[in-house]
Amino acid sequence: MTRYEHFINGRYRPGAAGRTFDNISPVDGGLIGKVCEADRSDVDLAVASARAALDGPWAQLDTAARAELLRRIADEIESRADLFLEAECADTGKPSREAEALDVARGAGNFRAFANMLYPHGDEAFAQSGAHGELLNVGQRVPKGVIAVISPWNLPLLLTTFKVAPALACGNTVVVKPSEETPATATLLGDIMNACGVPPGVFNVVNGFGPDSAGEFLVSHPGVDAITFTGETRTGEVIMRAAATGLRNVSMECGGKNPGIVFADADLNRAVEGTLRSCFSNTGQVCLGTERLYVERPIFDEFVARLVDATKTLRPGRSFDPDANWGPLISKEHRRKVLDYCALAIEEGATVQTGGCALDMVDDLAYGAWMAPTIWTGLPDGARVLREEIFGPCCHVRPFDNEAEALALANDTDYGLATTVWTENHNRALCVSHALNAGLVWVNSWYVRDLRTAFGGMGQSGLGREGGRHGLDFYTEHKNICFAYGGR
Ligand code: NAD
């Protein structure tokens, strides 16, 4: 049976108290392994190691050496891709093809991308002559220090490395607290760091839960200089309160209730295929996924029928089953929450076009967290199901009559993470994109990422931006040095 220990100061450690919790497979309810739960003293040790490493050989590496190290980490992840793939699939149950193409590929890709971005991320200088003589102002970017990385379970390796890679690129040290549901791939990264010669203490992992456990101990630790968090909005609020003590910086990538808009002039094949992906990739457990879809009335019936039909191509099965392209939800507890929303949708007046229930599976898969792709129509505007994030394979489709109505409906949310717009009228696409309140707008596409671009949401979807130079900005402090010269 697998055992996940903490990774502190370059070594795997069981933790002082020796407490563990079960890691349960969402596929069949079986026990994958035991996870060590960090107590306060383990977190203290991890943070102290990360602080000490800030002044060690890590600080002596110049930009070129750090970039080279990041590339080595990417190569090393790729050389152990099978191990990461197996671990990610065991924790999440997702189809291996999806995990291979997205999670593992981006795990390596994040390190390579931020290695490549280090050079263009330069400093600034301003020369000035005046009453004080000649002045030269030089801006310098310095590491923030110890970064706490708190990540969720839906894209574990991808999202953790999206934070760790820029943090290390900028010369910080990190303490990662992966989700209690998915400890495997973050923990495996410890071996990668050692193999690549990353100095002990630069990269640390503590496992455990959020409240009154490793997560809370870490974000409230005075030795942490900044916190980068991806997860639910309510958790983000709690972490921000902890970060207020000592005025620590936060980057918040939180929840969404993302709309999609399909105009009658859209390329329907492309829009159906793209919407199937945006609603149901990763079994609907993607922060960027579409949960509210607005379709122009002339094509509404046809679009709903085609989308429902397209869900029949989703075939549940184990991760490495070559015929399967549909995984379970992350846990039975999460499925309970999603099924509660299905019951609420009925109460609120929804018509179920497909799904709305758990999937009947046979043999040991009957003990997993399987759920059917779900499409509703008919909910009244303002229904709770249309306002609250479900984070499951559920989407409501509503007709609209004109652009202004579509925009008003799409923007009627407390969140503002991602939107999709499907139309062949590019002038309209630009106008609508401009008017949408969201950090990310995809036109005739969904979740295609250039890692140089900003990533993040408006409103309750988050605070700040990561990705590209925005990420590098977050992971550095800007210092201005003013030289007076001449006049002697
Ligand atoms: P979550 O908020 O329950 O947990 C996220 C992480 O925070 C976990 O590691 C958890 O242990 C930790 N945590 C919980 N309470 C804590 C506390 N008090 N102090 C410190 N850490 C604490 O989220 P989840 O269920 O793991 O993930 C799903 C959520 O993540 C959804 O809301 C989804 O939209 C969001 N998400 C957002 C993005 C984005 O980029 N905006 C990406 C992926 C997921």
Side-chain angles (χ1 to χ4, degrees), residues 21 26 35 37-38 40 43 91-92 102-103 106 110 148-163 175-183 185-187 205-221 224 227-243 245 248 250-258 281-291 329-331 333-335 337-338 341 388-392 413-418 438-440 447 449 453-467 470-471:
F21 60 93
V35 189
E37 185 183 356
R40 231 178 251 281
V43 174
D91 271 0
T92 61
L102 184 64
D103 303 61
R106 272 282 301 282
N110 282 332
V149 174
I150 308 281
S151 49
W153 46 257
N154 63 321
L155 301 165
L157 181 65
L158 184 158
L159 290 170
T160 301
T161 53
F162 187 55
K163 297 170 180 304
V175 181
V176 178
K177 209 298 280 172
S179 168
E180 53 275 28
E181 305 281 4
T182 52
T185 47
T187 306
V205 179
V206 288
N207 279 304
F209 300 86
D212 202 25
S213 182
E216 183 183 322
F217 304 152
L218 180 59
V219 297
S220 57
H221 200 292
V224 164
I227 301 161
T228 172
F229 167 75
T230 299
E232 278 186 25
T233 300
R234 297 288 87 84
T235 312
E237 289 174 350
V238 173
I239 290 177
M240 277 185 77
R241 276 184 217 115
T245 306
R248 275 98 42 78
V250 292
S251 169
M252 296 272 144
E253 306 282 3
C254 298
K257 188 71 186 175
N258 307 310
S281 284
N282 211 34
T283 317
Q285 304 165 117
V286 181
C287 55
L288 311 163
T290 307
E291 292 195 5
L329 294 180
I330 191 65
S331 64
E333 189 189 346
H334 185 53
R335 183 175 68 174
K337 177 188 146 189
V338 177
Y341 274 110
E388 297 173 15
E389 182 186 44
I390 299 173
F391 212 56
T413 174
D414 298 328
Y415 294 100
L417 186 54
L440 303 154
Y447 200 4
R449 287 272 297 132
T453 60
F455 185 90
M458 297 181 179
Q460 294 193 15
S461 287
L463 204 61
R465 294 290 180 275
E466 297 204 34
H470 309 274

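Indexing begins at 1, ligand by ligand and atom by atom, following the structure's order.
Under 4.0 Å from ligand 1, not a single heavy atom of His334 appears. At a heavy-atom distance under 4.0 Å, atoms from both the backbone and the side chain of Thr230 approach ligand 1. Under 4.0 angstrom from ligand 1, there are no non-hydrogen atoms of Thr233. Counting heavy atoms under 4.0 Å from ligand 1, residue Ala242 does not touch it at all. Contact annotation: for Leu159 versus ligand 1, heavy atoms closer than 4.0 Å belong to the side chain alone. Contacts between Leu155 and ligand 1, counted as non-hydrogen atom pairs separated by less than 4.0 Å, are absent for every part of the residue. Looking at Glu180 against ligand 1, only its side chain comes within 4.0 Å, counting heavy atoms.
Put simply, the side chain of Gln285 does not reach to within 4.5 Å of the side chain of Thr92, judged on heavy atoms. The closest side-chain heavy-atom distance from Lys257 to Ile390 is below 4.5 Å. Looking at heavy atoms from C-beta onward, Tyr415 lies in side-chain contact with Thr233 at the 4.5 angstrom threshold.
Side-chain atoms of Ser461 never come within 3.5 Å of backbone atoms of Cys254 as a donor-acceptor pair (strictly under, hydrogens ignored). In this structure, Asp103 contributes its side chain and Leu155 its backbone to no donor-acceptor pair below 3.5 Å. Although no hydrogens or angles enter the test, the distance criterion places no donor-acceptor pair under 3.5 Å between the side chain of Ser213 and the main chain of Gly210. Judged by distance alone, the side chain of Asp414 and the main-chain N or O of Gly459 form no donor-acceptor pair under 3.5 Å. Of the possible polar contacts, one joining the Asn110 side chain to the Leu158 backbone as a donor-acceptor pair under 3.5 Å is found.
Contact record, Phe391 with Glu291: N-OE2, 2.8 Å, taken as the closest heavy-atom pair. Contact detail for Glu466 and Thr228: the closest heavy-atom pair is OE2-OG1, 2.7 Å. Of all the heavy atoms in Arg248 and Ser220, the pair that sits closest is NH2-CA, 4.0 Å. The heavy-atom pair separating Val286 from Asn282 by the smallest distance is CG2-CB, 3.5 Å. The heavy-atom pair separating Gly456 from Leu440 by the smallest distance is O-CG, 4.0 Å.
Residue contact check: Lys177 has heavy atoms under 4.0 Å from atoms 8 (C), 9 (O), 10 (C), 11 (O) of ligand 1. Listed by atom number, the atoms of ligand 1 under 4.0 Å from Phe455 heavy atoms are 40 (O). Within the listing of ligand 1, atoms 9 (O) sit less than 4.0 angstrom from a heavy atom of Ser179. Close approach of ligand 1 to Gly215 is summarised as follows: ligand atoms under 4.0 Å from at least one heavy atom of the residue are 19 (N), 20 (C), 21 (N). Interface atoms of ligand 1 facing Ser151, defined by a heavy-atom separation under 4.0 Å, are 6 (C), 8 (C), 9 (O). Interface of Glu216 with ligand 1, defined as ligand atoms under 4.0 Å from a residue heavy atom, comprises 19 (N), 20 (C). Atoms of ligand 1 found under 4.0 Å from any heavy atom of Pro178 (numbered from 1 in listed order, with element): 9 (O). Residue contact check: Glu389 has heavy atoms under 4.0 Å from atoms 31 (C), 32 (O), 33 (C), 34 (O) of ligand 1.
Checked options Val176, Ile227, Val205, Leu159; the residue passing with Val149 is Val176 (criterion: side chain to side chain contact (heavy atoms under 4.5 Å, CB included)). None of Thr235, Thr230, Val219 except one satisfies the side chain to side chain contact (heavy atoms under 4.5 Å, CB included) rule with Ile150; the exception is Val219.
Counting only heavy atoms, the protein gets under 4.0 Å from atom 15 (N) of ligand 1.
Note: an N/O pair closer than 3.5 Å links Trp153 and ligand 1 by distance alone.
In this structure, of Asn258, Val219, Ile150, Ile330, the residue bringing a heavy atom nearest to atom 7 (O) of ligand 1 is Ile150. Here atom 22 (C) of ligand 1 lies nearest to Gly210 when heavy atoms of Gly439, Gly210, Gly256 are compared.
The protein non-hydrogen atom at the shortest distance from atom 2 (O) of ligand 1 is Thr235 OG1, 2.7 Å. Nearest protein heavy-atom neighbour of atom 36 (N) of ligand 1: Cys287 CB, 3.6 Å. Of all protein heavy atoms, the one lying nearest to atom 27 (O) of ligand 1 is Pro152 CB, 3.4 Å. Atom 44 (C) of ligand 1 has Asn154 OD1, 3.5 Å as its closest protein atom, hydrogens excluded (heavy atom only). Of the protein's non-hydrogen atoms, the one nearest atom 28 (C) of ligand 1 is Phe391 CE2, 3.6 Å. Protein heavy atom at the shortest distance from atom 23 (O) of ligand 1 is Glu232 N, 3.4 Å. Protein heavy atom closest to atom 18 (N) of ligand 1, with residue, atom name and distance, is Val238 CG1, 3.7 Å.
Residue Glu333 qualifies as open at atom CD: its count of foreign heavy atoms under 6.0 Å is 12 or below.
Shown here are the ring pair (Phe, Tyr, Trp, His ring centres under 6.0 Å) partners of His334, two or more places apart in sequence or in another chain: Trp153.
Under the 4.0 angstrom criterion for non-hydrogen atoms, Gly457 is not in contact with ligand 1. Residue Gly456 places no heavy atom under 4.0 Å from ligand 1. In this structure, Cys254 has a heavy atom closer than 4.0 Å to ligand 1.
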